[in-house]
There are 2 protein chains.
Amino acid sequence: MSPTTAEARAVEAANQAFYDAVETSDLDALEAIVLTGPLAESVSVVHPGWPVLRGRREVLRSYALIMASTEYIQFFLTDVEVAVDGDTALVTCTENILTGGPAEEDGSAGSLVGGLVVATNVFRRTPEGWRLWVHHGSPVLADDEESDDGPGAGPGAAGDPDE
Amino acid sequence: MSPTTAEARAVEAANQAFYDAVETSDLDALEAIVLTGPLAESVSVVHPGWPVLRGRREVLRSYALIMASTEYIQFFLTDVEVAVDGDTALVTCTENILTGGPAEEDGSAGSLVGGLVVATNVFRRTPEGWRLWVHHGSPVLADDEESDDGPGAGPGAAGDPDE
């Protein structure tokens, strides 16, 4: 179900802007995307492998930290699915991540590492546009995430008693 | 911000009912909790380490599979935080999980394993009550998740350039 409505496209654009802000280490851009107002206290983010971070301020601090310690990061988003209902929008996507460590002492680029993360992102509609309320990213531990065979494709799968 | 309103308590009860259904392997109870209607296609679940499962049917199939292959599972929820805005509610919590494998051949109980998962759950208000739209669980890889020291407590933390 690819986004077909203008509304869904606006949500997908907000989702892309979120990743662009992280990719370009643009904390100002990120601050503009993360929800403000009455729900700011409940903004929640889970970085892969991390506990829950809650509250706009704590979330932004974590990104400042990540940006400061990440030399290079690039996101290739796939499997982007958007659902919109009223003032809430849900995006799920796969983050195909390429990260680089600090430059070597001789000045050459640090080593690049690939990673696969799935994300659940929830946006809220505001007068200024869609804003990020929730981000939860987690590592995919399966090696067959490309499969479209349903839940049997997940780790721990041992048959399908439901059919 | 613990839930203090009747509304937040209703959301917390729905969240608990979700875990109770999994804990008791009650697929009927789970079916009653997972959202139906126009958003059913967008119901999404990420089990720890899994790719995204999307659609009510696929999600329920995955739980049938998990229930069939899990001899024993118990959830102790901590850090339960609830936020409600209009027809959408957000719950974040830590799942302290105790699971048991199949019984041994001699009839004795299988070994128990503890696990720590953080979850982001989103519920939608329906005429029948709050229903689960989104569940994303992921393993906590940090060993200091008990800390309340903020994002510096997360993996990869290497100082706090934001202060």
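Naming: A, B, ... by sequence-line order, numbering from 1 per chain. None of these values were measured; they are calculated from a predicted model.
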side-chain contact (heavy atoms from CB on, under 4.5 Å) involving Thr126(B) - partner list, sequence neighbours excluded: Leu35(B), Glu128(B), Arg131(B)
Residues forming a side-chain contact (heavy atoms from CB on, under 4.5 Å) with Asp106(B), sequence neighbours excluded: Glu104(B), Ser108(B)
Lys/Arg N to Asp/Glu carboxylate O, Arg56(B) vs Glu41(B), below 4.0 Å: no
Contacting region of Val52(A) [heavy-atom separation from chain B under 4.5 Å]: both
Side chain, backbone, both or neither of Leu90(A) within contact of chain B (heavy atoms, under 4.5 Å): both
Worked verdict on Val84(B) versus Val82(B) for side-chain contact (heavy atoms from CB on, under 4.5 Å): CA-CA 7 Å; Val84(B) 182; Val82(B) 177; 4.0 Å; yes
Residues of residues 13-25 of chain B contacting chain A, heavy-atom criterion under 4.5 Å, by residue number: none
Residues of residues 117-125 of chain B with any heavy atom under 4.5 Å of a heavy atom in chain A: Val118(B), Ala119(B), Thr120(B), Val122(B), Arg124(B)
Among the listed options Leu39(A), Ile66(A), Asp87(A), Val46(A), the residue most often paired with chain B at heavy-atom distances under 4.5 Å: Leu39(A)
CA sep, side-chain torsions, deciding dist, call: Thr78(A), Asn96(A), side-chain contact (heavy atoms from CB on, under 4.5 Å): CA-CA 7 Å; Thr78(A) 52; Asn96(A) 303 270; 2.9 Å; yes
Aromatic ring pairing His136(B)/His136(A), orientation class (parallel under 30°, perpendicular over 60°, tilted between): parallel
Region of Val134(B) that comes under 4.5 Å of a non-hydrogen atom in chain A: side chain
Any side-chain donor near an acceptor of the partner, Ser138(A) and Ser138(B), under 3.5 Å: no
Heavy-atom pairs under 4.5 Å with chain A, option from Val45(B), Val59(B), Thr92(B) with the top count: Thr92(B)
